[in-house]
Amino acid sequence: MRSELNEIFRKGSTTYYNSTLFFPPHIRQDVTKLYAFVRVFDDLVDSVPQRVQEFYNLRRLYERQRDGEETGNVVLSSFVELMRRKNFEESWVEAFLDSMESDIYKKVYYSLDETLKYMYGSAEVIGLFMMRVLDLPEESRNYARMLGRSMQYLNFIRDVKEDQYLGRTYLPKDEMEEFGVSSLECTPQFSEFIRFQVNRYLSFEREAERGYKYIPRRYLIPIKTASDMYKWTGMMIKAYPCLVLSRKVKPRRSRIVSSVFKNYIEVYLWTLFSNLRLPILR
């Protein structure tokens, strides 16, 4: 069972998978259960062609598992066990599934408000799930949502070409028109549009970082590493916006691992000096 979930996680995201290797084992197991659940639904609506009937079948199967029936599906049973143990709100799960379902019928997001509404279910609730997995205080709720939002917004920027292939436009259509972007071509207008979007991502990310104070040191290292890798990706795209038209910008595994050790040292020193109450580091 564990190997099947782990394989779904490993194939789904290099950054997340390698970052979570540095969680304590019991936390890593819970994160794997969570990621496997969201991945299988996401894959169904992102496939070409979309596996629409399989999505609805799996959603109904989840509902049966949630309601106490043993379905024999290891991904669903593992997630529901985690959901009960960590007190996930059912409305969060429904919001996630609703956003995944919207990928079946909604292709263009015309305003930032529309995009943010979609991201609540597709990304912000993932931050809320993680808040409960890590047993963080309720005061961290907004920052957890913002971390999920920031990461997905950068995904929209990084994957703009891939999303076009899927027939989707997540970045606000009205802003594309304001910048004079009518097609995905390397023009000065396109570069400025992408830089504008990266700056928005960075504002989301800075807000999320304010919540680091609620995260215990043993959990902060992998979370900060994932966030730092997203920031590295964002800065690469900001410097060279047209990269998103030719390749998927993402850090190598070696960069992720080196960032982990860098963050281990930084977080250890930050904690040490905070405990000593040295004002220079506050």
Side-chain angles (χ1 to χ4, degrees), residues 1-17 20 23 25-107 109 114-115 117-135 144-145 148-149 151-152 155-156 159 162-163 165-168 170:
M1 176 183 76
R2 191 174 300 170
S3 61
E4 180 180 341
L5 300 180
N6 192 67
E7 188 64 10
I8 294 172
F9 192 5
R10 186 186 66 80
K11 289 182 177 179
S13 172
T14 301
T15 298
Y16 287 139
Y17 180 79
T20 58
F23 274 128
H26 69 287
I27 296 295
R28 187 165 67 249
Q29 290 172 19
D30 284 349
V31 174
T32 300
K33 293 176 182 179
L34 169 61
Y35 191 88
F37 177 80
V38 301
R39 186 77 259 168
V40 293
F41 281 100
D42 193 43
D43 283 348
L44 291 176
V45 296
D46 278 354
S47 65
V48 180
Q50 290 179 311
R51 294 148 67 186
V52 175
Q53 194 55 52
E54 288 182 60
F55 171 84
Y56 285 113
N57 289 344
L58 190 63
R59 183 166 187 171
R60 285 192 291 271
L61 199 64
Y62 155 71
E63 291 167 353
R64 287 162 52 192
Q65 184 79 47
R66 178 200 62 196
D67 293 341
E69 180 181 339
E70 185 49 63
T71 65
N73 185 300
V74 65
V75 172
L76 300 181
S77 61
S78 297
F79 176 77
V80 170
E81 181 277 326
L82 176 66
M83 175 184 176
R84 299 301 184 212
R85 176 162 47 87
K86 291 297 185 177
N87 297 313
F88 294 170
E89 295 180 18
E90 290 190 14
S91 64
W92 298 347
V93 186
E94 292 305 307
F96 166 73
L97 294 173
D98 287 346
S99 283
M100 295 301 97
E101 183 179 0
S102 73
D103 278 333
I104 296 172
Y105 59 83
K106 184 170 177 59
K107 303 302 181 183
Y109 290 79
E114 285 190 2
T115 301
K117 181 178 179 181
Y118 171 83
M119 287 199 299
Y120 171 74
S122 63
E124 293 180 26
V125 298
I126 308 304
L128 295 174
F129 292 147
M130 285 298 298
M131 177 188 74
R132 291 286 170 83
V133 166
L134 301 178
D135 296 318
R145 287 180 56 180
R149 177 192 292 187
M151 290 180 172
Q152 182 161 66
N155 284 346
F156 291 160
D159 299 340
E162 180 181 327
D163 288 334
Y165 171 71
L166 296 172
R168 300 174 187 158
Y170 291 110

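Taking a cutoff of 4.0 Å between a charged side-chain nitrogen and a carboxylate oxygen, R84 and E90 qualify as a salt bridge. Under the 4.0 Å criterion applied to side-chain N and carboxylate O atoms, E101 and K106 are not assigned as salt-bridge partners.
Put simply, the side chain of L76 does not reach to within 4.5 Å of the side chain of V40, judged on heavy atoms. For the pair Y109 and M119, the minimum side-chain heavy-atom distance is 4.5 Å or more. Residues E94 and R59 form a side-chain contact, since some pair of their non-hydrogen atoms from C-beta on lies under 4.5 Å apart. Using a 4.5 Å heavy-atom threshold, the side chains of K86 and K33 count as separate.
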Y62 vs T71, side chain to side chain contact (heavy atoms under 4.5 Å, CB included): CA-CA, chis, key distance, verdict:
CA-CA 8 Å; Y62 155 71; T71 65; over 6 Å; no
Show your reasoning for whether salt bridge (charged side-chain N to carboxylate O under 4.0 Å, His left out) applies to R168 and D46.
CA-CA 10 Å; R168 300 174 187 158; D46 278 354; 2.5 Å; yes
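Within the 3.5 Å criterion, the main-chain N or O of N87 finds a donor-acceptor partner in the side chain of R132. Using modelled atom types, no side-chain atom of R51 and backbone atom of L44 make a donor-acceptor pair closer than 3.5 Å.
With rounding to the nearest 0.5 Å, the separation of OG1 in T115 from CD in Q152 is 9.5 Å. Considering OH of Y56 and CG of L58, their distance stands at 13.0 Å, rounded to 0.5 Å. Between atom OG of residue S102 and atom NZ of residue K107 there is a gap of 9.0 Å, rounded to the nearest 0.5 Å.
Aromatic ring pairs are classed by plane angle as parallel below 30°, tilted from 30° to 60° and perpendicular above 60°; the pair F129 and F79 is perpendicular. Between F96 and F37, the ring planes lie tilted relative to each other; the angle falls in the 30° to 60° range.
For the 3.5 Å distance criterion, the side chains of Y118 and D103 qualify, holding a donor opposite an acceptor.
The shortest heavy-atom contact between S99 and S122 is OG-N, 3.5 Å. Considering every non-hydrogen atom in both A123 and G148, the closest pair reads CB-O, 3.3 Å. Contact detail for L134 and I27: the closest heavy-atom pair is CD2-CG2, 3.6 Å. Across all their heavy atoms, A144 and L128 have their closest contact at CB-N, 4.4 Å. The two residues D42 and M100 make their nearest non-hydrogen contact at OD1-SD, 3.5 Å.
K117 is linked by a salt bridge (charged side-chain N to carboxylate O under 4.0 Å, His left out) to nothing, counting only residues two or more places apart in sequence or in another chain.
Within 6.0 Å of atom OH in Y165, 12 or fewer heavy atoms from other residues, nucleotides or ligands are found, so the atom counts as exposed in its surroundings.
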